[in-house]
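Data block below; observations after.
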Amino acid sequence: MKKDLLSIDDLSTDEILLVLDTAEAMREIGQRPIKKVPTLRGKTIVNLFYEPSTRTRTSFEIAEKRLSADTLNIAVATSSVLKGETLVDTAMNIEAMAPDMIVMRHASSGAAHLLARVCRSRIINAGDGMHEHPTQALLDAFTIREHKKRIDGLKVAIVGDLLHSRVLRSNVLLLTRLGADVWVSGPPTFMPHGIERFGVRVSPHVDEAVADADVIMMLRIQQERLAGAFIPSLREYFTTFGMTSERVARAKADVIIMHPGPMNRGVEIASDVADGPYSVILEQVANGVAVRMAVLYLLAGGADAD
Ligand code: CP
């Protein structure tokens, strides 16, 4: 693998499959009474999160601990960032303490790429602005493959705030590469310009997008990134695009419902769908640990790191 994981485009198809296969083995470690192996003993990993996170930060930290890495979290709210220190200066100061990897989330698209240019440490992008969230797409693919035993040929409908979603971008790159038939649906104001060039089908009608779908992936309305009137009201959005059990009934009988979290219940997804029998939302969270263990292990050198 390359030095860093910044984008799904950093991975060849074989490397994506290697991550997914390695995650199967890593998941077994999490089922043992003692959930720890010495694989990354002596490695130091810094989690540098400039944006809030529940799932990603926690699952990276659990993954690092299960692999016996020395891990620390930089709390931006109590760091010198608040005194005006730049991202590069913060990174160079962390680098001076010789970590092996930095896992970073940042509100600006391209922030992880900037760090990768100036740092010797390996950089893992844990979400950069509206750009990419590669480990989320990897854990989503892992979850789909676990349920459907394949990704090639599946109809995957991705619905919601497409414009602001880094999860969309990483999933479109990954799922089209693995042969899925990806449909996207959302209001015109949330439709990224030229998205059809990425090999997806665009429908303004959610009922068409979810018809006979194998997978429905809902995306959050990113209220923190809405700098304008994108939708008339959240109630109207739910009526037009929200995932209800009536809409789920249009999909295949064994459809799975996904959401990267955090969810806005009653906005993009009804509670009975989020908690219902087709939902794999908490499985996605559980699989995130195994997938991130696989990414850390492979970036550290795979078998050479043992
Ligand atoms: N899916 C995801 O990135 O969730 P968090 O923002 O809680 O990390």
Side-chain angles (χ1 to χ4, degrees), residues 1 5-8 10-11 15-32 35-37 39-40 45-49 51-69 71 73 101-106 112 122-128 132-148 151 156 158 165-171 173-175 178 215-220 256-263 269 274-275 279-300:
M1 290 172 83
L5 177 57
L6 307 177
S7 161
I8 289 298
D10 289 336
L11 299 172
E15 285 170 333
I16 291 170
L17 296 174
L18 178 63
V19 172
L20 302 186
D21 292 343
T22 306
E24 302 274 2
M26 293 297 174
R27 185 168 48 180
E28 186 274 324
I29 295 168
Q31 292 160 353
R32 295 180 191 172
K35 304 178 182 63
K36 209 170 179 75
V37 291
T39 310
L40 295 188
I45 304 178
V46 175
N47 300 314
L48 180 60
F49 277 62
E51 265 196 341
S53 169
T54 299
R55 283 145 287 270
T56 312
R57 197 193 60 71
T58 310
S59 79
F60 264 113
E61 193 177 349
I62 290 174
E64 291 154 7
K65 289 185 190 313
R66 286 197 180 156
L67 294 173
S68 301
T71 174
N73 299 309
M101 296 188 208
I102 299 175
V103 178
M104 190 180 73
R105 168 168 291 189
H106 200 280
R122 295 177 183 277
I123 306 298
I124 300 178
N125 182 3
D128 63 324
E132 275 217 49
H133 193 350
T135 58
Q136 179 69 44
L138 288 163
L139 75 88
D140 290 340
F142 183 88
T143 306
I144 294 171
R145 198 176 73 156
E146 183 180 32
H147 278 268
K148 305 292 178 188
I151 291 177
V156 181
I158 306 180
S165 178
R166 53 196 176 209
V167 175
L168 170 82
R169 284 171 184 76
S170 291
N171 263 302
L173 291 172
L174 195 158
L175 294 173
L178 296 187
V215 177
I216 297 174
M217 186 182 291
M218 299 307 296
L219 298 176
R220 183 171 67 90
I256 56 171
I257 308 292
M258 307 180 77
H259 193 306
M263 284 184 283
I269 189 165
D275 302 328
S279 172
V280 298
I281 294 169
L282 292 179
E283 286 177 45
Q284 290 172 260
V285 178
N287 290 337
V289 176
V291 167
R292 288 173 176 127
M293 286 171 78
V295 166
L296 294 165
Y297 167 73
L298 292 168
L299 270 184

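- Atom OG1 of Thr135 and atom CD1 of Ile124 lie 8.0 Å apart (nearest 0.5 Å).
- A donor atom on one side chain and an acceptor atom on the other are not found under 3.5 Å apart for Glu61 and Thr71.
- Side-chain atoms of Asp128 and Glu132, non-hydrogen and from C-beta on, do get closer than 4.5 Å to each other.
- One finds the OG atom of Ser170 at 8.0 Å from the NE2 atom of His133 (value rounded to the nearest 0.5 Å).
- When side chains are defined from C-beta on, Asp10 does not count as touching Pro134, because their heavy atoms never get closer than 4.5 Å.
- Counting only heavy atoms from C-beta outward, the side chains of Ile281 and Ile269 approach each other to under 4.5 Å.
- Of the candidates Val215, Asn171, Val280, Ile144 forms a side chain to side chain contact (heavy atoms under 4.5 Å, CB included) with just one, namely Val215.
- Looking at Arg220, its side chain never comes within 3.5 Å of a backbone N or O of Gly261 through a donor-acceptor pair.
- With rounding to the nearest 0.5 angstrom, the CD1 atom of Ile8 is 7.0 Å from the CG atom of Leu173.
- Across Glu24 and Arg27, no two heavy atoms sit closer than the pair OE1-NH2, 3.2 Å.
- Residues His147 and Met258 form no side-chain contact, since every pair of their non-hydrogen atoms from C-beta on lies 4.5 Å or further apart.
- We find the CD-CE distance between Glu51 and Met104 to be 10.0 Å, quoted to the nearest 0.5 Å.
- Side chain of Arg122 to backbone of Met101: no donor-acceptor contact under 3.5 angstrom is found.
- Checking side-chain atoms of Thr22 against main-chain N and O of Leu18 turns up a donor-acceptor pair under 3.5 Å.
- At least one donor-acceptor pair closer than 3.5 Å links the side chain of Gln284 to the backbone N or O of His259.
- Using a 4.5 Å heavy-atom threshold, the side chains of Arg145 and Asp21 count as touching.
- Checked by atom type and distance alone, the side chain of Asn125 pairs as donor or acceptor with a backbone atom of Leu6 at under 3.5 Å.
- Of the residues listed (Thr39, Val289, Val37), the one engaging Arg66 in a side chain to side chain contact (heavy atoms under 4.5 Å, CB included) is Val289, and it is the only one.
- Within the cation-pi definition used here (under 6.0 Å to the ring centroid, within 45° of the axis), Arg292 qualifies as a partner of Phe60.
- When all heavy atoms of Leu11 and Glu15 are compared, the closest pair comes out as CA-OE1, 3.4 Å.
- Contact between Asn73 and Asn47 at its shortest, heavy atoms only, is OD1-ND2, 2.8 Å.
- With rounding to the nearest 0.5 Å, the separation of CG in Leu296 from CG in Leu67 is 6.0 Å.
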* Check the pair Ile256 / Glu283 against side chain to side chain contact (heavy atoms under 4.5 Å, CB included), numbers first and verdict last. => CA-CA 11 Å; Ile256 56 171; Glu283 286 177 45; over 6 Å; no
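- Every residue meeting the side-chain hydrogen bond (donor to acceptor under 3.5 Å, both in side chains) condition with Gln136, not counting sequence neighbours, appears here in chain and number order: Asp140.
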* **side chain to side chain contact (heavy atoms under 4.5 Å, CB included) assessment of Thr58 paired with Val285** => CA-CA 10 Å; Thr58 310; Val285 178; over 6 Å; no
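- Closest approach of Arg105 and Ala126 over heavy atoms only: NE-O, 3.0 Å.
- Put simply, the side chain of Ile29 reaches to within 4.5 Å of the side chain of Met26, judged on heavy atoms.
- A distance of 12.0 Å separates CZ in Arg166 from CG in Leu219, rounded to the nearest 0.5 Å.
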